[in-house]
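Inspection log for the structure reproduced underneath, given as structure tokens.
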Amino acid sequence: MKTSLLTLAGLMLAGNVIAGPASVSDEVMERFINAYRDDPAALIRHAPLIRHASVAQMHHTISSLGLTHFTYLYPIIVSGAELEAARDIPLERLSLVAVRGGKVIPIPFQIDEFNRDGLIWIDGETPGKAAGKQGMLDDYDELVFMYRDGGSERYDASRHGAINGSLIQEIRLENGDTAARYAYVVQDDPARSAANYVDISLEEGWIESTVMRMRFDKRNLLGIDHVESLVGPHAGENVFDNIHISLSTGILNPNLRFSLDSEDNIRAVPRGVARGPVRNTVLLKVRVWYLGMPTIVSQDIHVHFYEQGAVIPIPFAISSIGSLRHFISLLREPRFELNVDFHQLDGANVTFDSVYRPDTRGDVDGWMTDFEVGMNYARMPGNWLHLDSQRGWQMFFVNGMPLVEGGLFDQFMEGSELGMVYRDDRELQDDTMRYTGALPRLGFRLSGMPAPVMDLLAASPKMPRHITTLGRPLSGSVKDPDRLKRYDEAANRMLARLKARGLITSADQLAEAFITDMGRMQFSGLPRAQLNSLITDAIRITVSDVAQVRHGEILATMAKLAADRGIALKQLRHAHINMVLWFPDATGSAGPQGFFREISTPPRAVANPATELVNQ
């Protein structure tokens, strides 16, 4: 695997290569494009010839394939619930094919399983029980493949020949006005694609994709000590210094302070990895240590590593509200800060959504401009943060926190201070850094306790110690709406103030504000459109005065509407806050705002029964 990845280093990311005069002829590039159009594995076969292609040639490759810089790197995820025709078939008997070059070929794919809490399932490592039927396709599984690997032709047996094995289901990939692409789920076809995009060794502490390599402490994934690009004129150079997380707080007394940091107290211990050609998912135990001993404060999470991205789904655990309430109640004047220090990124530029101006960026040169100083006065990054290395790769962070500046949930942060961190200082040196100079430092800081949030936590009803789905507590609240009375009172104190200030005065405004914030979270089990419509309609029906909201009535109305519409509300399983890093070669002609628009409306997968296919 490592050999093939090193061979690919100079090609992948379709546009990442920056060279001097082009050393690959346009004729050779056209032959490669034709081969790549026929088979994704052409990336491996032809990489040695075109690893020194020019930026223009590689951008031409993306365009010729009918892709954008975003759709080239975008992975498609299809839930098992959408693949009804393949349900209860052993996973080892399923494969994925597409029509490429006028014939049916296998394309890279994987099917991942999860436990009942939504954690990646690794037998012997993941806590709890596997969801559904282990080893069989069920509603809880995920089929994963790259959008770009789908075929632009729809399968037709009269033109493309018979498919090996049994054709189970068609997956149509829709992307706005762009022509559809197709992939097909097949049973009992042993053929597999040779393309493999990412690999991880927890034993040796490295992650390697076709475009980058990262080294980390095998006992702590936060202990990253080396990140390098495998493409461009600076390939092989480390661009990373450190991730530093710190928490300083008083315990019951603001003067009796304790400090925790990622160097000594906060560890993300790898427990296992679920491997596949499209993504590798690392299961982690995040735990707080103090005085060299592990504490009871811990959380199981997983991280998806893709060829050009990483996704951290932070679980929203209702059953943990009680523990969180107790823990937060002990804190006095807490201060939290997260910083990422880069190394040797002179010449890069940085901006984020809330300060974005097309003609002004933060330029990494060791000196702070007025604009860069002003970046530190921004409360939040907005929807995205963008770093262009000017070396053939970029970093695009998508903010998944359900907190829109000036929005509904933001009002409940009163009493705390949020702020961005940006430093561009060639001489900066502190104990958290391995190298002199913040080139640059990007981060986020939070201080103080938001009193309205504390009121809501204190008023939250007691939940069962272990909840496997969101549908269960929703149903419980419907049966006993009075258990939310104290919560209503706490929420309505703030809503009354927003009404008096003219910010939210109607049920429609309340529903829109709630959906805007909550819409940043990811839910499983129900389509987002169905969930949004239930919430919006329930608020409109039950709320006549935005200062007198009764959450129990809203939930009861949601349940009634769901029953009337044939929606199984109990299927609502998990909620996550996704923190996402993409590593595109470029954001495209529309810049970072255009790139985020693509992220906001990504390609959509629609699974159709095989019976609808032509001449199968």
Side-chain angles (χ1 to χ4, degrees), residues 1-17 29 31-51 53 58 61-62 64-67 69 71-78 92 94-112 142-153 163-164 171 173 181-186 189-201 207-213 230-231 273-281 304-309 583-585 603 605:
M1 174 62 183
K2 293 186 71 175
T3 302
S4 63
L5 285 172
L6 293 173
T7 304
L8 283 171
L11 164 66
M12 302 297 293
L13 198 53
N16 256 17
V17 181
M29 284 301 299
R31 287 203 297 269
F32 162 70
I33 291 171
N34 290 332
Y36 191 16
R37 190 179 288 117
D38 290 348
D39 184 359
L43 287 166
I44 294 175
R45 296 195 302 269
H46 295 268
L49 289 175
I50 59 174
R51 62 183 302 170
M58 297 310 296
T61 299
I62 267 196
S64 298
L65 295 171
L67 301 166
H69 300 286
T71 56
Y72 181 84
L73 60 76
Y74 185 67
I76 293 290
I77 300 173
V78 185
E92 62 186 16
L94 295 173
S95 58
L96 198 66
V97 301
V99 177
R100 305 278 295 238
K103 61 182 180 180
V104 178
I105 65 166
I107 62 174
F109 82 101
Q110 64 196 78
I111 300 174
D112 289 334
E142 288 184 351
L143 168 68
V144 188
F145 62 101
M146 299 299 289
Y147 171 82
R148 68 181 188 229
D149 290 342
S152 57
E153 290 186 77
I163 286 180
N164 292 329
I171 300 174
L173 305 178
R181 303 173 83 90
Y182 300 89
Y184 298 91
V185 180
V186 177
D189 178 2
R192 295 291 185 270
S193 172
N196 211 14
Y197 301 133
V198 63
D199 196 17
I200 293 177
S201 171
I207 300 172
E208 193 168 296
S209 82
T210 52
V211 297
M212 58 80 70
R213 182 188 297 115
L230 298 179
V231 297
V273 57
R275 290 183 170 84
V278 181
R279 73 180 181 193
N280 280 205
T281 302
H304 300 301
F305 289 98
Y306 295 92
E307 177 191 49
Q308 295 171 233
F583 296 98
D585 66 303

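As a basis for the values below, the full set of heavy atoms in this structure was taken, side chains included, without hydrogen atoms, waters or symmetry mates.
When each of Tyr74, Tyr72, Tyr197 is checked for a side chain to side chain contact (heavy atoms under 4.5 Å, CB included) with Met146, only Tyr197 meets the rule. Applying the side chain to side chain contact (heavy atoms under 4.5 Å, CB included) test between Tyr184 and each of Ile171, Val97, Ile107 identifies Val97 as the sole match.
Of the inter-residue distances, the one linking Arg213 atom CZ with Leu230 atom CG reads 5.0 Å to the nearest 0.5 angstrom. Here the straight-line distance linking atom CD1 of Ile62 with atom CD1 of Ile33 works out to 10.5 Å at 0.5 Å rounding. Taken from CD1 in Ile111 to OG in Ser95, the straight-line distance is 9.0 Å, to the nearest 0.5 Å. For the atom pair Tyr306 OH and Ser209 OG, the distance stands at 13.5 Å (nearest 0.5 Å). One distance of note links CD1 of Ile105 with CG of Leu96; it measures 10.5 Å at 0.5 Å rounding. Rounded to the nearest 0.5 Å, atoms CG (Leu65) and OH (Tyr36) are 6.5 Å apart.
The minimum heavy-atom distance linking Ala191 with Pro106 is given by the pair O-CB, 3.9 Å. Heavy atoms only, all atoms of each residue included: Gly101 and Asp38 are closest at CA-OD1, 3.0 Å. Pairing each heavy atom of Pro277 with each of Ala195, the nearest pair is CB-O, 3.8 Å. Taking all atoms of both residues into account, the shortest heavy-atom contact from Arg100 to Asp149 is NH1-O, 3.0 Å.
No side-chain heavy atom of Val99 sits under 4.5 Å from any side-chain heavy atom of Tyr182. In this structure, the side chains of Leu73 and Phe583 stay at 4.5 Å or more apart for every pair of heavy atoms. Between Asn280 and Ile207, the closest side-chain pair of non-hydrogen atoms is not below 4.5 Å.
Arg181 places a side-chain N or O within 3.5 Å of a backbone atom of Arg148 that can act as its donor or acceptor partner. Using modelled atom types, one side-chain atom of Arg275 and one backbone atom of Ile200 make a donor-acceptor pair closer than 3.5 Å. In this structure, the side chain of Gln110 engages the main chain of Val278 through a donor-acceptor pair within 3.5 Å. In this structure, the side chain of Arg192 engages the main chain of Asp189 through a donor-acceptor pair within 3.5 Å. Listed for the Arg37 side chain is a donor-acceptor partner under 3.5 Å among the backbone atoms of Ser64.
For residues 101-112, the salt bridge (charged side-chain N to carboxylate O under 4.0 Å, His left out) pairs, not counting sequence neighbours, are Asp112-Arg279.
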Practice item. Assess whether side chain to side chain contact (heavy atoms under 4.5 Å, CB included) is satisfied between Tyr147 and Leu67, documenting all intermediate values. Key: CA-CA 9 Å; Tyr147 171 82; Leu67 301 166; 3.8 Å; yes
